[in-house]
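In what follows, chains carry the letters A, B, and so on, assigned in the order in which the sequence lines appear, proteins first and then strands, with residues in each chain numbered from 1. What you see below is based on every heavy atom in this structure, not just the backbone, and it leaves out hydrogens, waters and symmetry mates.
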Protein chains: 2
Amino acid sequence: MGAPSPTPGPRAAGSEATRRAILDAAEELLASRGEDGLSIREICVLAGVTPPTIYHHFGDKAALVDRVVDDCFAAFDRAFEGRTPPVDPVERLRFGFDRYVEYGATHAVHYRLMFQRPHGRPTPAGLASYDRLRRMVRAIDDAGRLLAPVEDATAAFWSSVHGVTSLLISGFWTREAPAIALARDAILSQLTRPSAKSKKVKQQKPMQRKTKGERHGGT
Amino acid sequence: MGAPSPTPGPRAAGSEATRRAILDAAEELLASRGEDGLSIREICVLAGVTPPTIYHHFGDKAALVDRVVDDCFAAFDRAFEGRTPPVDPVERLRFGFDRYVEYGATHAVHYRLMFQRPHGRPTPAGLASYDRLRRMVRAIDDAGRLLAPVEDATAAFWSSVHGVTSLLISGFWTREAPAIALARDAILSQLTRPSAKSKKVKQQKPMQRKTKGERHGGT
DNA sequence: GCCGGTCTATATCGCCGATATAGAACCTAT
DNA sequence: ATAGGTTCTATATCGGCGATATAGACCGGC
């Protein structure tokens with residue numbers, strides 16, 4: 001496997017197109033029918049291939065899903081780009097929290113596949129994502145504003161944002177639930193100290209009340 | 001359906017025994033083979049019945065799993081009893097956090113079934129459990145020590161303990177990871193204010209730094 | 001002794017993931 | 001160009017799954 005032919009040629013190109021068609025069909029089925037609706041046979045119909053083709057290219061269904069998850073992580077990463085994050089490292093982490101939750105809320109099926117796999121072997125793409133989070137936390141540490149070891153703080157932060165996102169996906173919360181900001185600011189104020197410059201606001205009410213109108217949604 | 005016979009009689013007793021045998025077999029299979037290993041046919045072999053019997057008693061597999069989940073919630077509740085919780089309402093909540101995480105860590109498969117169901121319709125038993133949590137939070141509010149509305153605080157607290165437990169189950173953490181206490185104390189110190197009596201310790205460093213040498217574990 | 005309701009078994013359906021087998025398309029070397 | 005090896009794809013099938021149609025066994029009440 002993977003013997004790199006000197007020239008891929010039209011044959012390999014067609015093969016790659018088949019591979020792509022299978023992945024696209026899988027992602028479409030995943031979005032439209034959910035995880036349970038993702039069957040090899042339906043993928044075959046949608047992609048215009050037969051089962052052995054899928055097994056030849058991906059090995060088994062789990063490996064195919066792994067590739068789909070890779071694509072999901074690419075889209076996940078994209079949710080953090082294309083917007084200018086705050087410069088302040090703590091605010092950047094808060095920004096990351098919101099982007100993370102936003103992705104989970106708008107891609108529930110994908111999120112479950114990425115972070116709630118029953119046989120939780122972390123994908124390389126997942127580890128890369130976690131590493132990006134660790135770097136954001138380390139930037140806070142570099143600024144002398146982290147109150148816990150980087151590893152512990154990273155893990156605790158992730159557990160917080162994952163907990164929020166999980167409950168959001170389960171339909172227990174709405175996206176504007178005050179508990180979200182509550183949980184987010186709890187972990188942030190526990191892990192970090194305010195910057196020296198922003199002393200003027202000093203110890204503003206520990207909970208973030210700045211946003212204007214998130215006050216109408218009851219339970 | 002549901003016409004209550006005047007006297008259940010020995011027949012109904014045998015039926016109830018069959019029902020119990022099916023549930024016991026399902027729980028044993030669940031514990032030994034995991035969620036995926038839980039098949040109607042295997043349950044039949046273990047319980048000594050045939051598939052139509054299961055469908056007669058439970059309707060379909062999802063309903064059977066619902067009954068199993070009910071039993072899990074009973075065991076879950078038991079994890080909070082039999083031990084004398086602290087009297088201080090905040091400390092009682094901290095105690096509940098630890099019991100919750102402990103149950104999740106020692107019953108990973110069951111926890112996933114209870115709280116990570118893909119088709120997340122909350123079981124009545126699950127709602128009852130959440131209500132118990134809400135009462136613990138309300139007790140803090142009654143003591144005048146809650147810093148957020150009861151509903152929001154309850155939800156935020158649950159998201160925190162659920163996030164920790166999920167990551168613990170996924171094998172990402174060990175049970176002694178400092179991040180657990182970090183996340184726990186973060187949400188507690190954000191949601192509550194210290195009691196008037198314990199003023200002597202006042203505003204101890206927001207983060208818990210007491211542990212001595214947790215600085216050797218790099219990446 | 002028969003009868004209506006409750007409970008269980010036999011046999012089967014359609015779908016699933018996976019694969020053994022074989023053939024088609026392509027590249028390389030002669 | 002052509003023979004040989006490699007890569008890719010299709011036909012047909014296996015065993016297992018959830019679910020059910022059908023029918024028989026058991027029991028209480030008339």
Side-chain angles (χ1 to χ4, degrees), chain A residues 1-26 29-30 32-69 113 117-119, chain B residues 1-26 29-30 32-69 113 117-119:
Chain A
M1 186 194 285
S5 305
T7 56
R11 175 56 177 268
S15 175
E16 188 57 32
T18 300
R19 203 183 153 89
R20 198 58 253 169
I22 292 170
L23 277 175
D24 288 344
L29 267 176
L30 187 68
S32 64
R33 309 262 214 107
E35 185 173 358
D36 294 345
L38 191 70
S39 88
I40 295 284
R41 283 163 155 85
E42 299 235 25
I43 295 172
C44 286
V45 174
L46 205 60
V49 299
T50 52
T53 301
I54 291 185
Y55 287 94
H56 171 76
H57 281 286
F58 297 95
D60 64 356
K61 188 184 181 182
L64 168 60
V65 172
D66 279 348
R67 296 291 80 73
V68 172
V69 166
L113 223 55
R117 318 257 329 245
H119 322 295
Chain B
M1 184 193 286
S5 305
T7 56
R11 175 55 175 268
S15 174
E16 188 56 33
T18 300
R19 205 184 152 87
R20 198 56 254 168
I22 292 170
L23 276 176
D24 288 344
L29 267 176
L30 187 67
S32 64
R33 309 263 214 105
E35 185 174 357
D36 294 344
L38 192 70
S39 87
I40 295 283
R41 283 164 156 86
E42 299 234 25
I43 295 172
C44 286
V45 175
L46 205 59
V49 298
T50 53
T53 300
I54 291 186
Y55 287 94
H56 171 75
H57 281 286
F58 296 95
D60 64 355
K61 189 184 180 182
L64 168 61
V65 172
D66 279 348
R67 296 291 79 72
V68 173
V69 166
L113 225 55
R117 317 260 328 249
H119 321 295

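Per the geometry, OH belonging to A:Tyr55 stands 21 Å off P belonging to C:dA22, to the nearest Å. Here the C1' atom of nucleotide D:dC17 and the CG atom of A:Asp36 are 14 Å apart, to the nearest Å. One interatomic measurement links the two molecules: CG of A:Asp60 to C1' of C:dC16, which rounds to 14 Å at whole-angstrom precision. At whole-Å resolution of the value, CZ in B:Phe58 and P in D:dT20 are 16 Å apart. Atom P of nucleotide D:dG18 and atom CD of B:Glu42 are separated by 9 Å, given to the nearest angstrom. In this structure, A:Ile54 atom CD1 and C:dA18 atom P are separated by 10 Å, rounded to whole Å. Summarising the geometry, the separation between CD1 on B:Ile43 and P on D:dG18 is reported as 8 Å, rounded to the nearest angstrom. A straight line from NE2 of A:His56 to P of C:dA18 spans 16 Å, rounded to a whole angstrom.
Listed nucleotides D:dC8, D:dA19, C:dT8 differ in distance to B:His57; the shortest reach to its side chain belongs to C:dT8. The side chain of A:Lys61 sits closest to C:dG17 out of C:dT8, C:dG17, D:dT9.
In this structure, the side chains of B:Val65 and B:Glu35 stay at 4.5 Å or more apart for every pair of heavy atoms. Annotation: side chain of B:Arg117 is in contact with side chain of B:Asp66 (closest heavy-atom distance under 4.5 Å). With contacts defined as side-chain heavy-atom distances shorter than 4.5 Å, the pair A:Ile22/A:Arg67 does not qualify. At least one side-chain heavy atom of A:Ile40 sits under 4.5 Å from a side-chain heavy atom of A:Tyr55.
With values rounded to the nearest 0.5 angstrom, A:Asp24 atom CG is found 12.0 Å from A:Arg19 atom CZ.
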Under 3.5 Å, which N/O atoms of the protein pair with N/O atoms of nucleotides 9-12 of chain C?
from  : atom 1 : to      : atom 2 : distance (Å)
C:dA9 : OP2    : B:Thr50 : N      : 3.1
C:dA9 : OP2    : B:Thr50 : OG1    : 2.7
C:dA9 : OP2    : B:Thr53 : OG1    : 3.2

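Judged by distance alone, the side chain of B:Lys61 and the main-chain N or O of B:Leu38 form a donor-acceptor pair under 3.5 Å.
Between B:Leu23 and B:Phe58, the shortest heavy-atom contact is CG-CZ, 3.9 Å.
For the OP1/OP2 pair of C:dT8 and a distance below 4.0 Å, the side-chain nitrogens and oxygens of B:Thr18 include at least one atom meeting the criterion.
Backbone-only contact: A:Leu38 has heavy atoms under 4.0 Å from sugar-phosphate atoms and none from a base.
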